[in-house]
Structure formats: structure tokens, C-alpha cells
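We name chains A, B, ... by the order of the sequence lines, and we start the count at 1 in each one. From a predicted model like this one, the values you see are computed outputs, not experimental measurements.
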Protein chains: 2
Amino acid sequence: MIVNLLNKLARRDMLDEHERAVLMAAPAGTKQFGPRRNIVRQGEPLTQSMLLLDGFVCRYIDLADGKRQILEFHMPGDFIDLQGFLLKSLEHNMASVSPVTVALVPHTTLRHITENEPHLTRLLWFTTLIDAAIHRQWIVSNGRRSAIARVAHLMCELDTRLDVAGLSDGNSFFLPFTQADIADATGLTSIHVNRMLRVLRDDGVMTFRDGRVTITNRPALADIAEFDPAYLYLHSEPR
Amino acid sequence: MIVNLLNKLARRDMLDEHERAVLMAAPAGTKQFGPRRNIVRQGEPLTQSMLLLDGFVCRYIDLADGKRQILEFHMPGDFIDLQGFLLKSLEHNMASVSPVTVALVPHTTLRHITENEPHLTRLLWFTTLIDAAIHRQWIVSNGRRSAIARVAHLMCELDTRLDVAGLSDGNSFFLPFTQADIADATGLTSIHVNRMLRVLRDDGVMTFRDGRVTITNRPALADIAEFDPAYLYLHSEPR
DNA sequence: CGTCGTGTTGACATCTCTCAACGTACGTGG
DNA sequence: CCACGTACGTTGAGAGATGTCAACACGACG
């Protein structure tokens with residue numbers, strides 16, 4: 001639902017009725033993808049951007065030796081290739097993880113917004129700055145955190161973002177990832193991710209089974225991850 | 001010089017005379033910092049953004065166990081905390097590496113630009129998208145590249161960006177970093193960085209001595225790094 | 001009923017880290 | 001001018017975290 005985006009923005013700043021209407025009217029249609037489909041290919045020229053309505057998406061880069069690095073996970077409410085509006089193509093790939101529905105927003109519409117809606121433009125710009133802040137935490141994870149802290153931090157991030165999107169029931173959330181996905185996101189092997197998940201489970205911190213994460217000891221999880229949600233800028237300010 | 005920013009933007013899109021004049025008039029003053037000084041502290045409220053005129057700056061996050069992760073390096077022409085305009089504070093720190101001069105642009109001026117200069121706004125937004133693309137490459141490096149490839153990729157990135165900024169003489173550039181800085185950027189120890197630099201030197205690929213990088217075999221360096229400059233979006237397009 | 005994708009576990013390998021020692025350059029104070 | 005401390009770089013030896021390889025379990029699905 002596009003209402004997920006409105007909620008996400010409204011949490012960070014006031015949105016007036018006119019701005020809500022402009023956003024509601026932005027999509028020119030929707031599109032569906034099955035699981036594990038390419039959505040945007042590296043280098044492909046783009047003329048529209050996608051707002052994720054349902055399902056999970058990831059960005060990734062493949063290396064020459066077959067290794068893959070996932071760069072970010074996206075959930076409903078995320079404007080998944082808004083960058084493409086100004087970059088004109090992406091230097092990485094985007095793929096569905098689960099079955100996915102997106103709303104298509106033509107770049108001409110985005111251009112119109114940037115010409116006529118300065119406040120809305122700032123809010124859209126802002127959402128891309130949050131993506132960059134998430135990237136920075138992943139740099140820290142992959143660079144300096146231990147394997148168990150990387151997994152824990154990713155789970156804390158997803159927990160917090162899914163809660164903002166209204167997709168968490170408080171202590172558990174649906175997460176259609178494989179252990180290999182988590183490995184490619186955290187720069188580990190799926191075998192080692194499996195071991196770290198077992199440690200977290202054995203220690204009563206969290207479980208990840210059948211596509212569902214259940215957090216059984218949130219303070220312990222945040223402590224292992226050294227998680228501080230400040231980087232998600234969840235408070236409202238005039239922007 | 002603010003002309004570095006104009007060049008950086010003009011390489012990605014046309015800038016008209018009026019827009020150049022607006023940018024030239026944006027700074028309300030300049031400020032200098034000695035080497036290794038804090039420039040912006042995590043969480044500090046911001047009311048102006050800084051355009052780097054001279055010297056090198058880094059963003060970083062410190063972890064509880066004393067480890068540090070550098071998130072990005074900045075060079076003259078970079079609008080180093082433009083994000084602060086919309087984020088209102090940063091979740092990481094910024095520090096000078098060398099002596100530094102910055103131009104100060106009040107957020108009120110940036111707000112005026114976003115209200116009245118849609119094209120210039122898109123270009124400023126664009127520069128923050130480049131930062132995010134750089135972040136993504138660092139995620140890949142720290143997550144999936146070997147130690148030698150991480151060092152090589154960082155050097156390729158700096159070489160390319162410094163060339164765009166007019167701060168490279170073609171095969172060598174001034175780089176006032178310590179091996180510990182490179183270690184904190186690449187998620188390695190300074191001892192291992194030292195070993196990797198020795199390998200690159202012994203193999204005739206590049207040297208880093210006395211604050212100067214000299215690339216002696218560029219194809220070999222790019223090959224080790226698997227470096228593709230596409231992520232820096234160096235071509236001009238209407239944006 | 002076989003195959004494939006995914007998860008699980010153990011044994012061993014290896015890359016990078018840790019610890020330690022030492023060299024050099026430079027500034028500072030006696 | 002010399003003595004000393006500090007920052008940075010260099011090298012070696014051993015340790016440890018994570019990767020690699022291999023085997024097997026299980027369910028989904030054609």
C-alpha cells in the first residue's frame with residue numbers, strides 16, 4: 001500500500017493534504033514479480049521509479065569469482081529505485097526476494113514534483129539519505145563487527161524498519177530470506193550464518209525459522225549488535 | 001576553491017550562469033581546521049553545511065571496543081555535510097585528516113535553493129546519491145573483497161575522484177593518510193595494510209610513501225580491485 | 001520417486017589478527 | 001647539541017575467527 005510510504009514520511013515530518021494527494025496520484029500503474037526475479041539490471045536506462053507495495057526486495061552486486069554482496073533490503077513503503085530518477089541507471093542490480101508488487105512512478109512525475117513541490121522534494125531526498133545512513137551501518141558491520149554482531153545488527157535493523165512500516169507484531173516478523181541471503185548481506189558464508197543463528201537461538205536471544213524471526217531477548221540482541229536506531233532518523237522535524 | 005564543486009557538477013550536467021552565481025554566492029564564510037580535528041560530532045544539531053575547499057576529511061564511527069570504521073573520505077569540491085541540511089544532525093562523526101578549509105553554507109540558503117532552484121536542487125541531491133553509491137562499493141569491499149583488493153579498490157576510487165577534482169597529475173597524487181587510516185577504511189589492521197602495500201609495491205603496481213600515491217601499473221591495480229568507475233556516474237546527462 | 005533448494009553439523013584449512021620487537025623521523029625540552 | 005618521547009612504519013611468529021569441503025536430513029515439487 002502506498003499508505004506505507006505516507007506513514008514513513010509522516011513519521012519524519014508533517015505532510016499536508018495536498019502533498020498526500022500528490023503522492024497518492026503519482027503511480028501510473030502497478031507491476032508484480034515472482035520471487036527471485038531481476039527487477040532492475042545494472043546499467044539499464046530507467047524512465048520510472050518503483051514504490052514497493054508488497055514483498056521484499058534486495059540490491060546486490062555480483063563479483064567475478066561468483067561471490068555476491070547484498071547492499072540493502074527493502075520492504076513495503078520503500079521507494080526502491082528513487083535514485084534512478086537522477087542517476088538515470090543503477091550501478092547495481094535489484095531483485096525480488098519474495099513475490100513483489102510495486103507501483104510505477106514515471107520520472108516525468110518526479111520531475112514535476114521537484115519543479116512544483118519543494119517540501120515534498122526535500123522529503124523524497126530525505127528518504128535517499130536514510131538509505132545512505134543504512135549503507136554506512138553496513139560498512140561498519142562488514143568492516144569491524146564480529147560475525148555474530150553482523151547478524152544481530154541486521155536483525156535489529158529489520159526489526160526496527162518493519163515496525164515503522166507496521167509489519168512487526170512487536171516481537172516477531174515475517175522474513176522470507178534464506179540463510180544464504182543473510183550471508184550475502186553480512187559478508188559471511190551461509191554455513192557460518194547458520195552457526196551464528198544457532199548461537200543466538202541456544203542463548204535464547206532470537207530464532208529464525210520457517211521465514212519468521214522471533215526476538216526472545218531484545219536487550220541482549222541490541223547489546224550483541226551494539227545497535228543504536230539513531231541512524232534511522234525516526235523523529236519528526238521540519239525538513 | 002568552490003570552483004571544484006562547479007567542475008564536479010558540470011561534469012554530470014549543464015550548469016547555467018545563474019546557477020553558478022547562486023552557488024558562488026551560497027557560502028557565508030570560511031573556516032579552517034588543523035589536522036586530526038573533529039569537524040562535526042555525532043548527534044550535534046546542525047544549522048549550516050560545509051563545502052570542502054582544501055584538504056582531506058573523513059567520516060567515521062567509533063565502536064565500544066575501540067575499533068574505528070571510516071565511512072568515506074572527502075576531498076576539495078565535496079559538499080561534506082550536505083546531508084545535515086535534511087537530517088538535522090549526523091549519526092556519525094566527521095574529522096579533518098590534513099589541515100582543512102571549508103566554506104560555510106547556512107541551511108537557510110540551502111532551503112532557499114530548494115524553494116527556488118529546482119534544477120540546482122536536483123544536482124545537489126544527485127551529489128548525495130554519489131556518496132551513497134560510494135558507500136555501496138565500500139560495503140562490497142568490506143564484505144566480499146580480499147585484503148589486497150580492498151586496498152587496491154580504495155586507491156582506484158581516490159585516484160578517479162582526485163582526477164575529477166583536478167588533484168591528480170595522471171599517475172600520482174598527494175594523499176595525507178596514515179596506514180592506520182587505510183586500515184580503518186578497509187576494515188583491516190594497519191599491520192596487514194602495511195603487508196598489502198608491500199605486496200603492491202613489490203609487484204610494481206603502486207607505491208604509497210611520504211603521503212604520495214604513485215600508480216605504476218594501472219591496469220594491474222584496477223584488475224586486483226575489480227574496479228569499474230561506473231558507480232561514480234562521471235558522464236553528463238540532463239538531470 | 002528422484003531432484004533441487006535449504007538447512008545442519010563436523011573436520012580441517014587459511015586469511016587476517018594479535019602480540020611483540022625494532023627502526024626512523026621529528027619535535028621538544030634540558 | 002643531545003636525550004627523550006611520540007607517531008608511524010616494518011617485520012616475524014603464533015593465534016583465532018571464519019572459510020572450505022564433505023556428508024547428510026528434510027520438505028517441496030515435478
Side-chain angles (χ1 to χ4, degrees), chain A residues 34-37 56 58 63 65-70 95-99 141-154 175-202 206-214 224, chain B residues 34-37 56 58 63 65-70 95-99 141-154 175-202 206-214 224:
Chain A
R36 310 286 165 179
R37 296 286 163 180
F56 285 82
C58 70
L63 299 183
D65 61 358
K67 291 199 181 89
R68 166 171 298 193
Q69 177 67 49
I70 292 179
S96 59
V97 177
S98 63
S141 276
N142 288 1
R144 289 297 191 206
R145 287 198 244 262
S146 67
I148 194 146
R150 293 185 205 191
V151 174
H153 199 279
L154 175 61
L175 196 72
F177 296 176
T178 65
Q179 293 182 357
D181 293 328
I182 297 172
D184 287 338
T186 53
L188 302 167
T189 59
S190 60
I191 294 171
H192 206 61
V193 166
N194 181 285
R195 291 194 263 250
M196 297 302 101
L197 288 172
R198 179 156 61 86
V199 170
L200 291 170
R201 187 185 339 120
D202 290 352
M206 58 156 282
T207 62
F208 175 44
R209 272 197 179 291
D210 303 324
R212 175 160 288 274
V213 172
T214 305
I224 291 167
Chain B
R36 309 288 165 179
R37 297 286 164 180
F56 284 82
C58 70
L63 298 182
D65 61 359
K67 292 198 180 89
R68 166 172 298 194
Q69 177 67 48
I70 291 178
S96 59
V97 177
S98 62
S141 276
N142 288 1
R144 289 297 190 209
R145 287 198 245 261
S146 66
I148 193 145
R150 293 186 205 191
V151 174
H153 200 279
L154 175 61
L175 196 73
F177 297 177
T178 64
Q179 293 183 358
D181 293 328
I182 297 172
D184 287 338
T186 54
L188 303 167
T189 58
S190 60
I191 294 171
H192 207 60
V193 167
N194 180 288
R195 292 194 255 253
M196 297 302 100
L197 288 172
R198 180 154 62 86
V199 170
L200 291 170
R201 187 185 338 120
D202 290 353
M206 57 156 283
T207 61
F208 175 44
R209 272 198 180 290
D210 303 324
R212 175 161 288 273
V213 171
T214 304
I224 291 167

For [X], all residues meeting salt bridge (charged side-chain N to carboxylate O under 4.0 Å, His left out), sequence neighbours excluded:
{"X": "R195(B)", "answer": "none"}
{"X": "D65(A)", "answer": "K67(A)"}
{"X": "R36(B)", "answer": "D181(B)"}

d([atom1], [X]; [atom2], [N]) in whole Å:
{"X": "L197(A)", "N": "dT8(C)", "atom1": "CG", "atom2": "P", "answer": "8 Å"}
{"X": "F208(A)", "N": "dG7(C)", "atom1": "CZ", "atom2": "P", "answer": "7 Å"}
{"X": "R201(A)", "N": "dG7(C)", "atom1": "CZ", "atom2": "P", "answer": "11 Å"}
{"X": "D181(A)", "N": "dT6(C)", "atom1": "CG", "atom2": "C1'", "answer": "11 Å"}
{"X": "M196(B)", "N": "dC17(C)", "atom1": "CE", "atom2": "C1'", "answer": "12 Å"}
{"X": "R195(A)", "N": "dG10(C)", "atom1": "CZ", "atom2": "P", "answer": "10 Å"}
{"X": "N194(B)", "N": "dA20(C)", "atom1": "CG", "atom2": "P", "answer": "19 Å"}

Applying a 4.0 Å non-hydrogen cut-off, can you work out what [X] is touching in the nucleic acid: base, sugar-phosphate, or nothing?
{"X": "G187(A)", "value": "sugar-phosphate"}
{"X": "S190(B)", "value": "nothing"}
{"X": "I191(B)", "value": "base"}
{"X": "R209(B)", "value": "sugar-phosphate"}

By nearest-nucleotide position on DNA chain C, the 5'-leaning member of K67(B) and R198(A) is R198(A)
#### Entry: N or O in side chain of Q179(A) less than 4.0 angstrom from dT8(C) OP1/OP2
yes
By ring-ring contact (aromatic ring centres under 6.0 Å, His included), F208(B) pairs with (sequence neighbours left out) none
On a heavy-atom basis, the closest approach of Q69(A) and A185(A) is NE2-O, 3.0 Å
In terms of heavy-atom contacts, T207(A) and R201(A) come closest through CG2-CG, 3.8 Å
*Could you give the angle between the helix axes at the two ends of the helix from dC1(C)-dG30(D) to dG30(C)-dC1(D), with five pairs per end, rounded to 10 degrees?*
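Its terminal axes enclose an angle near 30°.
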* Side-chain touch R144(B)/D184(A), heavy atoms, less than 4.5 angstrom -> yes
Closest to the side chain of H192(B), out of dT8(C), dT16(C), dT6(C), is dT16(C)
Distance check, rounded to the nearest 0.5 Å: R198(B) atom CZ versus I148(B) atom CD1?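 If I round to the nearest 0.5 Å, the distance is 10.5 Å.
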Once you round to the nearest 0.5 Å, how far does CD of Q179(A) lie from CG of L197(A)?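 Atom-to-atom, Q179(A):CD and L197(A):CG are 5.5 Å apart.
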With a 4.0 Å cut-off (strictly under) to non-hydrogen atoms of chain A, the first and last hit nts on DNA chain D, 5' to 3', are dT18(D) to dA22(D)
